[in-house]
Amino acid sequence: MQGLGLGSGRLRLEKVVVGWSIGLLACARRGPVPVRLGVLLPTSASQTPQTLQALRYSTTQASLIPHHLPRIADTEATLAPRVIPGQWIVRLKAFASESTKTSHLSSVRDRNADATRFNVQVRYEYNLDEARGYSASFDNATKQQLEQLAEVDSVDPVFFYQHCAVSSITNPNVPWGLARVSNYGKVRATGPYTYKYDDAAAGEGVIVYVLDTGINDKHVQFEGRAAKGQRIFVTPPYRDTVTSDEDKQGHGTHCAGTIGSKDYGIAKKVNIVGVKVFNDLPQDDYRAGATNADIMAAIEYVVAEYKEHKMPSVINLSLGGLTYEPLDATVSAAVRAGVVVVCAAGNAERGLQPRDVETTSPARTPLAITVAASDIEDKIASFSYYGRLVDIIAPGVQIKSTWIGPNNSETETLNGTSMACPHVAGIAATILSNPRVVDKTPFSVASELLILADKNSITGLDDRKQRTIDAVSQVSL
C-alpha cells in the first residue's frame, strides 16, 4: 500500500507491506515456559520415503535473513514434515479454470475405471481461482503419472500443523489486553483495568470464523452468539479414528473468547463460528494436529458461506507451520473474495530463537493481517516471530479468556501469538460494524487498523527485529 497518510503528528507510512497473516501455528503458550502452539513440525527422526520427499518444504532461517545479520542455529530446519502416507494435494496450474479442473477430474475417474493400477480417491476439491485443485489418496506410482499431466502444477504430501499442550497460570485480573487496545500508551502492571469501546461498533452483524480446535459454544460468556460450524474439517489421522465436534483442547474456545465474549472479548456483539480443523489426538502423538488439506478446505468453506449470507466476515487463524504456497494462495483468494483473514505470526520453540515470519505459512501471506505479540510492559514478546511481514502487534502474554469444562464458565490464561491474533480479529469486527466506516473491504480494514494503531511504543524491536512494524492495534471507537 503506497503513501498511506496517518495524519498530522502521527507516523506517515510511505510504503506498507500489507502482509497480513493468520497462522498455522496454534501459537499459544501457557505458563512461564515458552511453548509454540500449532506449529506443524515433525516429532520423529525416522525417515520414510514420504518424509524424505517432503523435506523440500523444510527451510532454514539462515537462508532468509540478510547476510549482514548474525545467523542463528535453528534445529527446526533439519526436520521433515509429519506426513500422512498416501495422501496428497494436487494443485493445478495457476488460475486454471473450473472447466480445466472438471476435465481433469473426469479423466482421473476414467483412468480409475480402467485396468491399470491408477487409483485416485478424492477427499476435497479446491475451487478458489488461486489454488484450484484437490486432495486425494493414491500411491507413488499414481503420483508420478499425475505429475506428468500438463495441467498439474504440483503434487504435495498432506502434512500436519500442530498446537501444543501447556501448563496453567492463575491470573485473577480482567484481561489487561482489552485495556491496552482501547488506550494509547502502556497500561498499569496491575488491575483493575477499563475497556473502552463504542457500543455501536461492537461487532453486530459481523461473523468471525475461528479455524481451530473447535468451540465450546455453550459457554455462558458467549451469550448465545457462538456456534459450531456446519461441518468439521479433520482428516482421520489413523484409520477408523473418530473426531468429536466438541473442543477437546480449549485453544479454539480461548481464541473465540478474546474475539467476542462478554467479559474477555473485544467485539461484544459479534457472532462467532468455530470451525474445527484440529484432530483430538494428544500432543505427544505423531499425527496430532491439523493438516494443510483440511485448513485449505475450511477456508474455502468460509468463503462459500460468506458469498451466501453476504455478512461481513473475518477468519481467525491462530495456527501455523511450514511454508506451503498453496495454503498462502488459498488465504489470498479468501481475501480477494472479501473475507478479512487474520493470522498469528508464530512462536519460537523452547530453547530456540524467534524467527522471521517469512519462514512460516500462512503468516507470510501478503494479503493476510499478520499479528505479533507484546507483553504488559509494551515489549515485543520474547517468543514472538517478527519481520517486515508483520502488520500489527497486539497483547499476547498472560491473556485470560474462556475455556472448556463441565460448568461452561471456565477460564484460562495463555501466552502466544495465538492470543494476539484474536485481539486483532475482534478489532477487525469492530471496524466492519462501525457505521462511520464506509469502505469495508479487507484492504480498507487493514488500512484502518494501521490508522488507529498506537505507533512507536514497543521496545525490543532491535537487531534482527528492527524491520518489524512498531504499531499496537487499537479498537475502533
Do [X] and [Y] have side-chain heavy atoms sitting under 4.5 Å apart?
{"X": "S318", "Y": "P422", "answer": "yes"}
{"X": "R364", "Y": "E325", "answer": "yes"}
{"X": "T235", "Y": "R123", "answer": "yes"}
{"X": "F443", "Y": "V335", "answer": "yes"}
{"X": "F138", "Y": "V90", "answer": "yes"}
{"X": "S135", "Y": "Y126", "answer": "yes"}
{"X": "N316", "Y": "I259", "answer": "yes"}

- If you draw a 6.0 Å radius around NZ in K248, do more than 12 non-hydrogen atoms from other residues or ligands fall strictly inside? no
- Query: Around atom CD of E308, are there more than 12 heavy atoms of other residues, nucleotides or ligands at under 6.0 Å?
  - Reply: no
Atom pair [atom1] ([X]) and [atom2] ([Y]), whose distance is rounded to the nearest 0.5 Å:
{"X": "Y134", "Y": "K101", "atom1": "OH", "atom2": "NZ", "result": "9.5 Å"}
{"X": "D212", "Y": "K276", "atom1": "CG", "atom2": "NZ", "result": "10.0 Å"}
{"X": "Q121", "Y": "T142", "atom1": "CD", "atom2": "OG1", "result": "10.0 Å"}

- Y301 vs Y209 aromatic rings, parallel, tilted or perpendicular, using cut-offs 30° and 60°? perpendicular
- Item | Side chain R225, main chain G260, donor-acceptor under 3.5 Å | yes
- Run through T258, L178, T411, D263 and flag the one making a side chain to side chain contact (heavy atoms under 4.5 Å, CB included) with K400. T411
- Test item: side-chain donor near acceptor, D156 and S154, under 3.5 Å: yes
- Query: Is the cationic atom of R111 (NZ for Lys, CZ for Arg) positioned less than 6.0 Å from the six-membered ring centroid of F118 and within 45 degrees of its normal?
  - Reply: yes
